[in-house]
Amino acid sequence: MKIKVMAFASFREILGKELNLDIVGEATAAGVLAILASRNKRFKEAAFEESGWLRDYVQIMINRKRIDPRQDLSTKLNDGDELVIFPPVAGG
Amino acid sequence: MKIKVMAFASFREILGKELNLDIVGEATAAGVLAILASRNKRFKEAAFEESGWLRDYVQIMINRKRIDPRQDLSTKLNDGDELVIFPPVAGG
Amino acid sequence: MITIQITNEDFCLDELVRKAKRNDAGALVTFLGTVRDDGIERMELEAFREAALPELERIRDEAVARFNLLSVEVVHRIGSLAVGESIVAIVCAAAHRDEAFQGCRYIIEELKVRVPIWKKELGKNGERWVGHE
Amino acid sequence: MITIQITNEDFCLDELVRKAKRNDAGALVTFLGTVRDDGIERMELEAFREAALPELERIRDEAVARFNLLSVEVVHRIGSLAVGESIVAIVCAAAHRDEAFQGCRYIIEELKVRVPIWKKELGKNGERWVGHE
């Protein structure tokens with residue numbers, strides 16, 4: 001299935017603004033983050049603690065809705081879903 | 001002695017913006033108000049209750065400083081003093 | 001940088017804000033009071049200018065000291081104003097937004113109770129001095 | 001009457017205020033955020049526009065309902081800005097000043113924590129994303 005990944009701010013600088021993943025079988029938010037980490041060492045260091053936990057400041061939206069990364073990373077994704085990764089917002 | 005009286009807003013409409021009183025002997029704020037009331041019936045009705053008390057909303061400045069009309073009307077005035085009469089302010 | 005005016009002329013907000021802007025300010029809060037249509041046609045404003053200007057200066061100094069304002073602009077109009085016209089503008093610049101909001105609020109609240117300015121509403125049903133019993 | 005923009009262009013406050021003005025409004029409060037010089041040279045702003053605009057609309061609707069706002073104008077800039085340049089303007093009109101102050105404050109506070117916009121400070125000593133640990 002196809003998952004569109006978007007990244008902003010510091011994560012855009014590491015991952016690019018947009019990439020499309022083609023995932024075989026079931027996909028979850030956690031799975032997408034693991035794929036990105038396995039492909040990109042800078043992303044792995046920016047997003048994960050050494051212990052393997054996602055860093056506190058990583059924020060995730062799925063289909064334009066924020067999820068709580070401490071609870072909802074195992075949410076199943078569907079074909080065509082959009083997952084967005086960004087650091088804390090700082091507008092204004 | 002000469003006392004300059006200024007009036008603003010509703011009191012200006014009744015008394016005019018500025019008038020000069022020539023007072024023989026001692027003068028107080030209360031005395032100035034009494035003179036104005038004796039000369040001008042509309043002012044008397046606007047500034048005084050029937051009982052003779054100054055109405056609550058009458059405000060007084062002497063030489064650009066506000067006085068408390070409930071306490072300081074007996075303040076002595078000196079030659080050349082300025083007494084200003086106005087209703088509650090409403091700027092902004 | 002810090003100007004207080006009581007004037008018959010209309011004013012330009014962008015110009016006031018340009019005067020209030022400083023490189024060390026990150027927040028500017030502006031209050032603009034306008035003639036509201038609640039059944040009136042015009043408003044006439046009158047000031048005791050010689051007492052109003054020093055009182056506004058005292059209020060500005062208090063606000064600068066309490067809220068670390070970096071600059072303040074105040075313009076208050078007098079004369080005859082139509083519905084929708086500007087009555088007063090207060091621009092406060094500060095390093096941070098909390099100070100700018102509080103300073104601007106302080107100045108308009110104090111202005112309303114302390115500065116000798118009066119207004120009369122003129123409507124179809126006659127006229128009325130605002131704030132009278 | 002109610003406009004929300006995320007734009008690369010600078011804006012004119014008088015024009016925003018003119019759009020926000022209404023005859024039944026007696027108070028307009030404007031917040032203007034600018035690039036503050038605390039040792040930086042420029043600031044780069046970036047938005048997830050497709051998510052930021054609807055979030056700003058939700059915030060505006062909340063503010064209108066809570067504080068009886070009569071109109072709201074919001075402009076947020078993105079791109080590269082120099083020290084002193086405007087970042088964001090929020091204009092709120094209401095019948096009375098308390099509502100206008102509170103509505104404007106509400107919108108900027110919520111904007112800062114909810115709307116997907118980011119800024120990077122660029123200074124002599126390198127660059128830094130604001131809000132990062």
Side-chain angles (χ1 to χ4, degrees), chain B residues 2-20 29 32-33 36-37 40 42-70 72 75 77 80-92, chain C residues 4-7 30-36 40 43-60 74-79 81 85-90 104-122 126-133:
Chain B
K2 291 192 190 307
I3 302 294
K4 175 173 161 183
V5 175
M6 294 180 77
F8 288 95
S10 52
F11 290 116
R12 175 190 50 73
E13 292 179 324
I14 295 171
L15 292 170
K17 182 162 184 191
E18 189 176 326
L19 59 162
N20 290 286
V32 167
L33 295 172
L36 296 171
N40 187 321
R42 273 179 73 207
F43 176 72
K44 184 178 179 183
E45 281 165 5
F48 290 93
E49 297 182 17
E50 283 188 35
S51 64
W53 287 101
L54 200 64
R55 291 189 192 275
D56 276 348
Y57 80 105
V58 181
Q59 310 202 4
I60 308 283
M61 261 186 202
I62 295 174
N63 299 331
R64 307 280 157 87
K65 287 227 159 69
R66 283 184 193 238
I67 64 160
D68 181 346
R70 283 164 304 185
D72 303 326
T75 309
L77 301 178
D81 278 358
E82 174 196 89
L83 185 146
V84 183
I85 307 168
F86 51 88
V89 303
Chain C
I4 291 181
Q5 297 173 67
I6 295 179
T7 170
T30 302
F31 175 78
L32 180 69
T34 57
V35 181
R36 183 163 56 94
I40 68 167
M43 191 171 262
E44 278 175 13
L45 288 110
E46 160 177 351
F48 179 15
R49 181 191 291 270
E50 298 84 349
L53 284 171
E55 190 70 30
L56 276 169
E57 284 166 5
R58 278 189 288 274
I59 293 169
R60 173 205 60 195
V74 179
V75 189
H76 202 298
R77 290 177 71 193
I78 52 176
L81 303 180
E85 281 198 86
S86 299
I87 300 171
V88 61
I90 299 165
C104 189
R105 187 76 196 253
Y106 180 82
I107 293 174
I108 182 62
E109 298 300 332
E110 295 296 308
L111 184 158
K112 281 187 173 270
V113 294
R114 288 166 54 183
V115 177
I117 297 176
W118 298 269
K119 46 186 185 242
K120 185 157 100 171
E121 295 176 347
L122 292 86
E127 37 182 75
R128 186 182 82 91
W129 286 97
V130 177
H132 279 48
E133 14 170 27

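Note that this is a predicted model, so its numbers are computed, not measured. So you know, we letter chains A, B, ... as the sequences are listed, proteins then strands, and number each from 1.
Residue C:His76 is tested with C:Thr7, C:Leu111, C:Ile90 for a side-chain contact (heavy atoms from CB on, under 4.5 Å); the sole match is C:Leu111.
Within the structure, the side-chain hydrogen bond (donor to acceptor under 3.5 Å, both in side chains) test picks out the following pairs touching residues 82-92 of chain B (sequence neighbours left out): B:Arg64-B:Glu82.
Contact detail for B:Pro69 and B:Leu54: the closest heavy-atom pair is CB-CD2, 3.8 Å. Residues C:Ser86 and C:Leu32 approach most closely at OG-CD1, 3.6 Å, considering heavy atoms. Minimum interatomic distance between C:Leu122 and C:Lys120 (heavy atoms only, all atoms of both residues): CD1-O, 3.4 Å. Closest non-hydrogen pair, B:Ile62 versus B:Ala29, comes out as CD1-CB, 4.1 Å.
Residue C:Glu110: no heavy atom, backbone or side chain, is found under 4.5 Å from chain B. The contact between C:Val115 and chain B is made entirely by backbone atoms, counting heavy-atom distances below 4.5 Å. Within the 4.5 angstrom heavy-atom criterion, atoms from both the backbone and the side chain of C:Lys112 approach chain B. For a residue to count as touching a neighbouring chain, one of its non-hydrogen atoms must lie under 4.5 Å from one of that chain's; by this rule C:Arg114 touches chain B with the backbone only.
A salt bridge links C:Arg58 with C:Glu55: the distance from a Lys NZ or Arg NE/NH1/NH2 to an Asp or Glu carboxylate oxygen falls below 4.0 Å.
Contacts with chain C (heavy atom to heavy atom, under 4.5 Å) involve these residues of residues 11-20 of chain B, listed by number: B:Arg12, B:Glu13. Contacts with chain B (heavy atom to heavy atom, under 4.5 Å) involve these residues of residues 45-54 of chain C, listed by number: C:Glu46, C:Ala47, C:Phe48, C:Glu50, C:Ala51.
Side chain of C:Trp118 to main chain of C:Trp129: no donor-acceptor pair is present (N/O by atom type, distance under 3.5 Å, no hydrogens or angles).
Atom CG of B:Asp56 has 12 or fewer neighbouring heavy atoms from other residues, nucleotides or ligands inside a 6.0 Å radius.
Counting heavy atoms from C-beta outward, B:Phe43 and B:Leu33 have side chains that approach closer than 4.5 Å.
Evaluation of the side chain to side chain contact (heavy atoms under 4.5 Å, CB included) rule for B:Arg66 yields B:Gln59, B:Met61, B:Phe86, B:Val89 as partners, not counting sequence neighbours.
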